[in-house]
Amino acid sequence: LKKKQHYSDHDDEDEQQTNASEQKRRAQVFAKPQEESTGMHDIKSMFAASKTRNVQRQEQNQKDESDKLLSDIMFKLQKPKLKTTRPTPAAAAPPPQPAKIEYKSVEISRPEQISTPSVLPTPSLPTHNSNHSLHQEKELDWGDDDSICFDAVSKLMNDTVPPIKHPSPPPISKSLIQFDTQELEFVTDEQLVKSARTFHTSPTKEIDQNEILNKDEHFKIFWFDAYEDPVAQPGKLFIFGKTPLLNDDKSTSKTFVSVCLIIDNIPKQVFFIPKTGNSASDVEDELFIIAKRFKITNYTSSIVKKRRFDPDLISTDVLNEIDIVEMKYPARCTSLPSDLQGDSFQCVYGTNQSPLEYLLMDKKLKGPCWLNIKNCAPVKTRRSWCKLEYDVDYYSGADRLMTNIEISTINPPPPPLVAVTLSLVTLPNTKTHETEVICVAGLVHQQFPIDSAAPKRPYQNYFIALTKPSDCILPSGLVKAAESQKIKIETVPGERALLMYLISKFQLLDPDVIIGHDMRMFGLELFLSRCQKLKVGLTASKIGRLHRTHDGKTKVSTIKNPTCGRLLCDISISARELLTKCKSYDLEELCKVVLNTEQLQLYRNYSIDQTRDAFSSSMSVVDLVQATLNNTSLILNIFCQLMVLPLAYQLTCIAGNLLSRTLMGGRSERNDHLLLHAFTERDYIVPERSLSSSHRTALKHTQEIHNESDEEIDDENKKTTKPSSTSYIGGLVLAPKKGFYDHFILLLDFNSLYPSIIQEFNVCFTTYMKKPTQSRPDSEQTQIDVDDIIALDETTKGILPLEIYKLVERRREVKKLIKEKKNLTDEQLVQYDIRQKAYKLTANSLYGCLGFKHSRFYCKQLAAFITCKGRETLMQAKNIVERMNFDVIYGDTDSIMINTNSTDYDQVMAIGTKIRNEINRQYKHIEIGIDGVFKCMLLLKKKKYAALIVEKTPTQEFIYKTELKGLDIVRRDWCQLARSIGEFVVSVILSGQSRDDVLDKIHNRLRDLGDEMRTGKIDIEQYEINRQLSKDPSDYSDVKSLPHVQIAVRFNTTSTGRKMKRGDTISYIVCEDGTQNSAMQRGYLREEVLSSSSSLTIDINYYLHQQILPVISRLLEPFDGTDQAYLALCLGLDSSKYKNRQQKNYSSKDNNNVENNNDDDDDDFNSELLFGEGSEAFKQCDPFVFPCVQCQTLNFWNAPFIFNEVKFILQLAFHM
RNA sequence: ACAAACAGCGU
DNA sequence: ATTACTATAGACGCTGTTTGT
Ligand SMILES: [Mg+2]
Ligand SMILES: [Mg+2]
């Protein structure tokens, strides 16, 4: 604690701290609640509002009106001379009529007046604030401010709530003084009305006076989200962002408010490809008829030069610039069918392009950025919950040459965002068994950066509200009890009031970022369905920034992007992408993986029953509240630690998609947008969103061949539930020379092999095409399963290599900055590191997306070509190493392991350098590097090994680190006990002791273990086996052998509340349950085992036989002196069972020669020998010759193949 | 021995 | 027969368990 105090007493200048101390700081969370003052308690005053129950329509009208007022008052506020008023303390009581409130004038605290933290003497603790008087005023503001605002809000509610005692003003917090943006709210209704009047009489004039407009009439918005509804409002695009209130450039920090920009008349842009023999002007003539046919009244057309490329790599003539007719027409017109054909044109492109995509491409928008907006007008009727809302036409003039939206040439830093971290506590209703929300907790930060590390204190305020569960009452004295723990809680009379509470918070805070765990799939859906059930109506859409109503019938999950305008960050989604090897993605596990132990201790999981029981006493409710707040802060800390937002921001800025989509996960869309931008910028017509056969046939016209596109279309029509098998050959894995190595092993690894290959071989849609049909059966050509030739000369760089080059170069620059510049702040360092990471991620995912069937840039041929070159590269490297007389013991896709037979580190490194240089000599871009040196290594199988990495420090010392790859001990589907023992075995093996010592130690450990297990000394958690559901539990066809599915189904039928869904991980324990069922039918959850009513006991036998023994015996397979039977004996098992199997193993081993186990795997001459030069063993054989059934071209297969590869043969035979 | 299903490691 | 609705999106290579024939 002393240390922690030390940290928090630091001035903010002291930013040079390690991550560890950073974590410690955050670890304070709620450990000292008295330091965390609260702000928003005045929800109760909201409920003291008028009790009139309005009909829906009235509500709507009032809503619109007051929103308009609120928006209009913003203009007033932007005038520097305007003094904002605030109510006297007397107004704290709920006023019957707002007009009666007495206001006095007060200076709004501007940043100039308040010292920034860096110059404050003691900024860390709120109570030590230097400006005490200000402090006092603010304290009052905070309380009153809410009541006024809630008053406004309450008008909009048709809920009636009895008045509750007004709480005392909360203690002051430093954050309130620094970041008070609440001046928006404490404005009188008089002012609202007044401003509205002036505003509506002369809107344009009012805007001109408006401070948000610059002198050159540019309105600046930092956009970060967009929404479009192609059905209801075609051609309209909602852009969400923030705009500075103050236009004073001298001020160091500004106040930003949310703004919604409704862009209208974004055109539809389509391209017509003239038929051969028809000129572009022919097409223009025909357009007149086409337009008439589709009732397009107002269009423009022009002849432009464009390129188009063929994603199937068939036609070559498409690479030249050709005359194309561009047509633009209003998006509100019926859109043209994508397979439209005419007399003079072969096909039309771009019919499926959305207005958003057009805007992104036309304006080259890549990620959130500042935009200049001209000629905008405040909206007449509100459609968003933003503070400001404008209509704007896309084009500024009738000539459609200039647009009203432009990227800002000057780039101020992004504005700070308002971030709210939410968590909900739910409880099933005892009668209806519906899950209900009983508690809402939120942490608020008003100045959250979008592009850099989170603030050291990731939140400034909190709020928490609680209601009684369905059939019990809240214990009396609850609020007092909470106050004694320095927690301010709100109690509301019911679930609906609780939802309204949350909604009012959203109205107040207007958060830009919503952070939560399992929000998208559970929290948000629950919120919406409860709002639907309780008929909350329009206001429920304040969870986002767009007005929406939703009828009570259709499912809530059909609402598209309910939080549009606000960025929803779900850490369980982000963690899936960022932390790939995680046992599960529930909050507890994420805390374990991401946070330190100190923070982890704050985590408390309340089961349903525990939650219900908590309501027996006020103290236990307070505990629940405390735990909920702690969990919320843990969510926020994980969010900060993983740097979800900055990384998503960088990725979005690279790819040019929507930030909210990046946050939803998935690589394909990012990659699509990256390429969309790249190809559009270079005047290429971009592939359609949904593939249309007319485009393909139009291209195919030049060459009379069929290709696999037909088959793929069929595939999609079939909609087979069966997951499609792989469609092309991937990386090469060299046959491992199994065994234990006690000499140094050298690990060489190509850096980013696939991106390098794209550069090295200039792989692009524009540079390669399929081999013409009349191919000569060249030996080299046939061995490559994708037959391509280079279409362009090598000086013309393709677009994919260029994009990769740009990414690599920029990454190199950023890394250089990190390395060289010493005068970087910690914050910048972190920022650069994120950017560097984002570049790498983007470059690496390009290859994968080429092979992704639903990608807009899907191209199996290119993907297959890249992997093919990868195999070639690896084989060549292997051959080089072997020609240098070194022993290659293993290699996987892009790596080679070499047994140096040496134990001298420096010598090994010298060898490595020599080999590296030899290999790198051949390539311009491909580069191999020394990835490490192993002191010793246990190589068991392909992709399964353990090794002891040795590294030399600058001080000539050696550091050792264990590396485990693919072994059972790194897999979540083995119980922790088996993994721990396995880890022990590996550590003993790698310890370098003599073989006998090693085996002795292991045998002894196993004997102890058997006893420990039988005497029940092992913790039950050690027995948990984790398995993920890849489908929804009900979608599995045969459940018999799938314990995790059985448990999920049972859980979902028995339990109320959150259901097990696809993607969830189930942790189960195999138990003796008295039945004769197989072990697979005796899986139980830990709670089921522990519950007092159960008579379940752990099935020790299963664990010994099926978990521990196989794991151990596999690890010890290469060692003589022990065998599975003996290991079983050590564990106290009947070893005779294994004797037979052992014999069988021996015989097969003898056949295959255990000692020189070079080729004991039949399937090891698969792709390796197919395409490499290692086919010496089959030199004598005649090639397999077969004609293509279509064109009778002879194919020569000059290598062996195995059954698995028959399909690739077939592809050649049928020219598919 | 084969098949199917299911895991989730590896690059 | 028509309509509304549903879900989900980087690749491939390799080893392991369970059930069933
Ligand atoms: Mg590599
Ligand atoms: Mg590698």
Side-chain angles (χ1 to χ4, degrees), chain A residues 231 553-555 557-558 577 580-583 661 664-672 716 719 721-736 749-750 752-754 841-842 844-860 862-864 866-868 870-871 874 890-895 931 940-945 964-974 1025-1032 1035-1046 1061-1063 1065-1066 1078-1081 1102 1105-1107 1110-1111 1114 1161 1163-1164 1166-1168 1203-1204:
Chain A
V231 183
K553 282 172 194 171
T554 47
K555 268 192 193 170
S557 56
T558 62
E577 199 165 328
T580 45
K581 43 171 109 189
C582 228
K583 217 173 67 189
R661 305 283 299 178
M664 272 175 55
R667 294 156 174 77
S668 169
E669 196 169 301
R670 283 199 319 253
N671 189 71
D672 280 358
E716 286 185 13
K719 278 189 181 176
T721 48
K722 216 163 77 179
S724 59
S725 61
T726 60
S727 58
Y728 64 91
I729 302 175
L732 170 61
V733 186
L734 303 181
D749 190 300
F750 286 102
S752 305
L753 181 62
Y754 288 168
L841 278 171
T842 309
N844 281 342
S845 59
L846 203 152
Y847 151 72
C849 291
L850 285 177
F852 176 43
K853 295 200 180 60
H854 298 288
S855 167
R856 279 171 81 171
F857 293 88
Y858 172 50
C859 181
K860 194 174 80 177
L862 287 184
I866 291 166
T867 57
C868 177
R871 292 190 298 274
L874 184 67
Y890 179 56
D892 183 351
T893 308
D894 67 342
S895 66
D931 240 36
L940 289 181
K941 283 264 157 73
K942 283 180 174 175
K943 300 179 195 274
K944 288 181 188 243
Y945 62 85
L964 303 171
K965 283 283 160 70
L967 300 174
D968 300 329
I969 48 184
V970 301
R971 296 168 57 119
R972 69 153 92 90
D973 53 358
W974 294 90
I1025 298 165
N1026 306 290
R1027 227 155 242 189
Q1028 205 167 37
L1029 294 166
S1030 64
K1031 300 186 259 192
D1032 258 7
D1035 294 343
Y1036 286 86
S1037 54
D1038 190 16
V1039 141
K1040 213 182 302 173
S1041 65
L1042 305 173
H1044 63 298
V1045 182
Q1046 294 175 33
K1061 291 191 295 280
R1062 105 181 248 152
T1065 315
I1066 277 97
S1078 80
M1080 291 302 98
Q1081 272 137 309
Y1102 169 80
H1105 277 107
Q1106 307 300 336
Q1107 291 274 319
V1111 170
R1114 268 195 289 275
D1161 285 342
D1163 53 32
D1164 271 339
N1166 51 4
S1167 347
E1168 174 186 348
F1203 181 75
N1204 190 32

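By convention in this document, chain letters (A, B, ...) are assigned in the order of the sequence lines, proteins followed by strands, and residues within each chain are numbered from 1.
Annotation: side chain to side chain contact (heavy atoms under 4.5 Å, CB included) contacts of A/Ile1066 (sequence neighbours excluded): A/Leu1029, A/His1044, A/Ile1047, A/Ala1048, A/Met1060, A/Tyr1068, A/Leu1085. Every residue two or more places apart in sequence or in another chain that forms a side chain to side chain contact (heavy atoms under 4.5 Å, CB included) with A/Leu850 is listed here: A/Phe765, A/Leu800, A/Leu846, A/Leu862, A/Ala863, A/Ile866. For A/Val1039, the side chain to side chain contact (heavy atoms under 4.5 Å, CB included) criterion is met by A/Tyr1036, A/Val1045, A/Gln1046, not counting sequence neighbours. The side chain to side chain contact (heavy atoms under 4.5 Å, CB included) check on A/Asp1038 picks up A/Lys1040, with sequence neighbours excluded. In this structure A/Arg1114 satisfies the salt bridge (charged side-chain N to carboxylate O under 4.0 Å, His left out) test together with A/Asp968, sequence neighbours excluded.
Taking atom P in both C/dA9 and B/G8, one finds a spacing of 16 Å when rounded to whole Å. C/dG10 and B/A5 have their P atoms separated by 22 Å, with the value rounded to a whole Å. If you take atom P in B/G10 and the same atom in C/dC5, they sit 43 Å apart, rounded to whole Å.
The A/Ser1030 side chain lies nearest to B/A7 when the options are C/dG10, B/A7, C/dC14. Nearest to the side chain of A/Lys942, among B/G10, C/dC5, C/dT15, sits C/dT15. Set against C/dT6, C/dT19, C/dG13, the side chain of A/Ser1078 has C/dT19 as its closest nucleotide.
The phosphate of C/dA7 (OP1 or OP2) has no side-chain N or O of A/Lys1031 nearer than 4.0 angstrom. At the phosphate of B/A7, OP1 or OP2 sits under 4.0 Å from a side-chain N or O atom of A/His1044. Within the 4.0 Å cut-off from OP1 or OP2 of B/U11, not a single side-chain nitrogen or oxygen of A/Ser895 is found. A close approach under 4.0 Å does not occur between any side-chain nitrogen or oxygen of A/Arg1027 and OP1 or OP2 of C/dT17. Listed pair A/Gln1028 / B/C6 fails the phosphate criterion, with no side-chain N or O lying under 4.0 Å from OP1 or OP2.
In this structure, A/Thr1065 and A/Asp1038 both approach RNA chain B, and ranking their closest nucleotides by distance from the 5' end singles out A/Asp1038.
Contacts with RNA chain B (heavy atom under 4.0 Å) in residues 966-973 of chain A: A/Gly966, A/Val970, A/Arg971, A/Arg972, A/Asp973, listed by number.
A/Pro1110 and A/His1105 make their closest contact through CD-O, 3.1 Å (heavy atoms, listed as atom of the first residue, atom of the second, distance).
One interatomic measurement links the two molecules: NZ of A/Lys1040 to C1' of C/dT17, which rounds to 16 Å at whole-angstrom precision.
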